[in-house]
Amino acid sequence: MYHKFDVVIVGAGGAGLMAAMQLPNASVAVLTKVYPTRSHTGAAQGGVAAALGNQEEDHWKWHMYDTVKGGDYLVDQPAAEILAREAIDAVYELEHRGLPFNRTEDGRIDQRRFGGHTRNFGEGPVRRACYAADRTGHMILQTMYQNAVKNQVNFFNEFLVLDLLINDGVVCGVVALQIRTGEIHTFHGKAVLFATGGYGRAWRVTSNAFACMGDGMAIAYRRGIPLQDMEMYQFHPTGIYKVGVLLSEAARGEGGKILNGKGEYFMERYMPTLKDLAPRDIVSRCIVQEINDGNGVDGKDYVYLDVRHLGAKKIAEKLPDITDFARNYLGVEPITEPVPIQPTAHYAMGGIPTDIDARVVIDSQRTPLPGFYAAGEVACVSVHGANRLGTNSLVDLIVFGRRAGKHIASFIAENDHVTLPPQHEDYSRQLVDKLYSSTGGESAARIRSELQNEMNDNVFVERNERGLSHALDTIDGLRDAYQGIQLQDKGKNFNTELVEAIELGFLLECSEATIHGAKARKESRGAHYRLDYQKRDDVNWLKHTLAYKGTKAHDVRLEYKDVILIDDPIFKPKERKY
Ligand SMILES: Cc1cc2nc3c(=O)[nH]c(=O)nc-3n(C[C@H](O)[C@H](O)[C@H](O)COP(=O)(O)OP(=O)(O)OC[C@H]3O[C@@H](n4cnc5c(N)ncnc54)[C@H](O)[C@@H]3O)c2cc1C
């Protein structure tokens with residue numbers, strides 16, 4: 001089936017919908033493999049950062065400073081400036097579109113503390129996160145979806161995009177599988193935006209939804225587009241023990257504390273100023289350190305998040321959802337008991353490289369690929385560098401989703417549809433047919449769980465050469481095994497086994513780029529902590545990794561690209577002390 005639109009947006013999370021809202025005069029298709037309001041943005045809990053200064057003095061420049069420093073200086077500074085400056089207006093846009101934020105006594109948007117967000121260039125915590133209880137993402141997604149429906153955006157729900165179409169160096173569409181029927185569809189557009197989210201499902205313990213399989217990154221990568229800084233993957237300190245489901249940093253923003261097995265409030269010892277509200281890479285490392293020192297609960301691999309002292313009223317008002325998660329998943333009552341937690345795979349700082357207008361750029365000279373845009377977690381602009389601050393992803397979605405939409409509006413006004421490449425559905429049809437016809441006897445579930453265990457064991461909070469080499473061998477083996485996947489279900493309608501097998505292919509691509517980048521980066525920076533190279537090395541490594549898929553199996557080519565710094569001494573890379 002063939003469809004023609006001005007704009008094809010893949011992904012109905014915060015980034016995709018924010019872009020769609022900027023295009024009222026264009027014909028826009030939004031493709032999503034899950035129902036729109038099931039996108040992972042709906043799971044975001046704690047808040048969205050903007051220096052509104054509603055609770056205490058704040059400035060966008062302080063926000064920019066925290067973002068650059070929090071990212072351990074692997075941040076493109078002009079992009080961080082845009083993030084911090086435009087956050088303010090973007091949050092007001094959401095408010096005006098109807099988002100029910102929590103309010104201050106005098107009716108303004110309420111703000112709470114979050115890790116790494118400080119006043120006056122690092123002096124102490126500041127209230128910068130705008131929030132709707134602990135379900136901010138849910139409110140954002142519902143508000144945006146209602147606006148998109150009002151604006152007559154064309155939704156194609158439960159369509160799994162398989163391929164990106166490029167003709168003569170211009171992106172002109174995508175090919176997708178309609179999950180309900182098993183049919184292949186082509187969507188022809190003047191511009192394509194990928195807003196497909198992250199790939200947290202590569203790890204066993206993760207906060208990410210089942211759909212976070214790295215689709216957009218892998219599809220671009222297979223088409224010769226590099227993936228940037230994939231080794232920079234964030235582990236959030238407070239996932240529910242074993243399950244990984246997130247207990248938002250909002251719990252600590254409201255005063256919750258992390259305790260070790262001896263009941264000691266250990267963050268005081270590691271980070272005297274920010275304590276529990278130090279950036280996530282640091283808190284996760286401190287937890288792992290405590291566990292390695294035998295200070296986990298009963299000597300095991302977990303510690304506690306304690307909110308008992310906040311009292312039942314505040315917990316019910318400010319943290320209703322996450323305390324319910326503790327009750328439902330662990331049978332623990334947070335009002336009277338501490339909650340077992342451990343670091344959980346959470347957020348991709350890396351992704352498809354873009355410029356500040358969300359245009360995809362494909363080399364170290366930042367050459368744009370015309371017609372192709374990426375925004376949200378799938379993209380790397382790069383505002384998060386080596387470590388993202390809490391509440392800075394939702395801002396990224398709305399600021400750069402909005403910039404993508406605005407740039408696309410002018411691009412489609414100036415450009416016509418490019419013709420589709422010949423046999424444009426062949427690649428996708430072969431991908432699907434091969435899975436239907438294979439008799440290799442292998443199962444996607446087995447490969448996926450081996451991948452997730454390997455990533456959790458060797459590509460986690462702490463890394464070293466031996467572990468990363470082991471992970472590479474495992475991935476190479478799993479990629480070979482993938483060729484032998486055999487489906488039990490040969491049906492066409494809602495074949496979830498087929499969908500899972502295709503998604504596993506995406507996950508393997510993202511994992512491969514992650515491990516190669518991590519193995520090559522011989523320093524410690526942000527979330528990438530190497531036990532065998534414990535220092536940050538600005539002389540050799542203040543640069544972005546670009547991973548290109550090689551021509552032979554298991555082959556990955558790495559290139560590097562400069563980090564953009566601005567000429568202001570306050571943002572000059574220095575040691576990251578808090
Ligand atoms: C539990 C949790 C809590 C969080 N809390 C916060 C927070 O409080 N503050 C904050 O700033 N950040 C938070 N984050 C991070 C933030 O929520 C995410 O980074 C962000 O929502 C990602 O949004 P997105 O629009 O990029 O993608 P998503 O919301 O993940 O949406 C991806 C979309 O792409 C579609 N898609 C993917 N692949 C395909 C394909 N092949 N074909 C068709 N469609 C496809 C999906 O169907 C979906 O619609 C949290 C993350 C998690 C997991």
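Given the structure is predicted, the values throughout are model-derived calculations rather than measurements. Order of listing sets the numbers, starting from 1, for every ligand and every atom in it. Heavy-atom basis, side chains included; hydrogens, waters and symmetry copies ignored.
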Handout entry: Ring centroid separation Phe372 to Phe194 under 6.0 Å
Key = yes
Exercise for the section: Can you sort out which atoms of ligand 1 are near Leu31, meaning under 4.0 Å from one of its heavy atoms? Expected result: 44 (N)
Problem - N or O contact, Gly14 vs ligand 1, cut-off under 3.5 Å - result: yes
Completion exercise
In ligand 1, the atoms that come under 4.0 Å of a heavy atom of Asn392 are 11 (O)
Handout entry: Contact check: Gly390 vs ligand 1, nitrogen or oxygen atoms, below 3.5 angstrom
Key = no
Exercise for the section: Could you tell me whether some N/O pair between Val161 and ligand 1 is separated by less than 3.5 angstrom? Expected result: yes
Practice task
Taking atom CZ of Arg327 as the centre, report whether more than 12 heavy atoms of other residues, nucleotides or ligands fall under 6.0 Å from it.
Solution key: yes
Exercise for the section: Please confirm whether Val10 comes under 4.0 Å of ligand 1, counting heavy atoms of the residue only. Expected result: yes
Problem - Row check, Tyr427 ring normal vs Arg223 NZ/CZ: under 6.0 Å, within 45° - result: yes
Exercise for the section: Give a yes or no on whether the ring-centroid distance for Phe155 and Tyr145 is below 6.0 angstrom. Expected result: yes
Practice task
Of the side chain and backbone of His346, name the one, both, or neither that has a heavy atom under 4.0 Å from an atom of ligand 1.
Solution key: side chain
Practice task
Check whether the side chains of Thr104 and Gln55 place a donor and an acceptor atom closer than 3.5 Å, and report yes or no.
Solution key: no
Fill in the blank from the handout: The answer for which part of Tyr347 has a heavy atom under 4.0 Å from ligand 1 is side chain
Problem - ligand 1 N/O within reach of Ala211 N/O, cut-off under 3.5 Å - result: no
Practice task
Indicate the ring-plane relationship of His96 and Tyr92, choosing parallel, tilted or perpendicular according to the 30° and 60° boundaries.
Solution key: parallel
Practice task
Just grab all the salt bridge (charged side-chain N to carboxylate O under 4.0 Å, His left out) pairs involving residues 207-219, residues at least two apart or on different chains.
Solution key: Lys33-Asp215
Fill in the blank from the handout: A student checking ligand 1 against Ala12 at a 4.0 Å heavy-atom cut-off should list atoms 33 (C), 48 (C), 49 (O)
Practice task
Have a look at ligand 1 and work out which part of Arg388, if any, has a heavy atom under 4.0 Å from it: side chain, backbone, both or neither.
Solution key: side chain
Practice task
Could you tell me how the ring of His3 sits relative to the ring of Phe5: parallel (under 30°), tilted (30 to 60°) or perpendicular (over 60°)?
Solution key: parallel
Practice task
Measure the acute angle between the ring planes of Phe159 and Phe156, then classify it against the limits of 30° and 60° as parallel, tilted or perpendicular.
Solution key: perpendicular
Practice task
Would you mind telling me if ligand 1 is within reach of the side chain of Thr32, the backbone, both or neither, using heavy atoms under 4.0 Å?
Solution key: both
Exercise for the section: State the atoms of ligand 1, each with its element, that fall below the 4.0 Å cut-off from a heavy-atom position in Val34. Expected result: 47 (O)
Practice task
Indicate whether any N or O donor in one side chain lies under 3.5 Å from an N or O acceptor in the other, for Asp66 and His117.
Solution key: no
Exercise for the section: Identify which of Pro36, Ala15, Ala44 has a heavy atom lying nearest to atom 13 (C) of ligand 1. Expected result: Ala44
Exercise for the section: Would you mind listing which atoms of ligand 1 come within a distance below 4.0 Å of any non-hydrogen atom of Gly47? Expected result: 7 (C), 8 (O), 9 (N), 10 (C), 11 (O)
Exercise for the section: Kindly say whether the aromatic ring centers of Phe114 and Tyr131 come within a distance under 6.0 Å. Expected result: no
Practice task
Take every heavy atom of Leu397, measure it against each atom of ligand 1, and state whether any distance is under 4.0 Å.
Solution key: yes
Practice task
Report, in ascending order of atom number, the atoms of ligand 1 lying under 4.0 Å from any heavy atom of Ser207.
Solution key: 1 (C), 53 (C)
Handout entry: Proximity to ligand 1 by part of Val395, non-hydrogen separation under 4.0 Å
Key = neither
Practice task
Would you verify whether the NZ or CZ of Lys242 falls within 45 degrees of the ring axis of Tyr329 while also being under 6.0 Å from that six-membered ring's centre?
Solution key: no
Handout entry: Polar contact flag, side-chain donor to acceptor under 3.5 angstrom, Thr67-Asn392
Key = yes
Practice task
Measure Leu246 to ligand 1 on non-hydrogen atoms and call it side chain, backbone, both or neither using the 4.0 Å cut-off.
Solution key: side chain
Practice task
Determine whether any heavy atom of Gly137 lies closer than 4.0 Å to an atom of ligand 1.
Solution key: no
Completion exercise
For Gly376, the ligand 1 atoms with a heavy-atom partner under 4.0 Å come out as 26 (O)
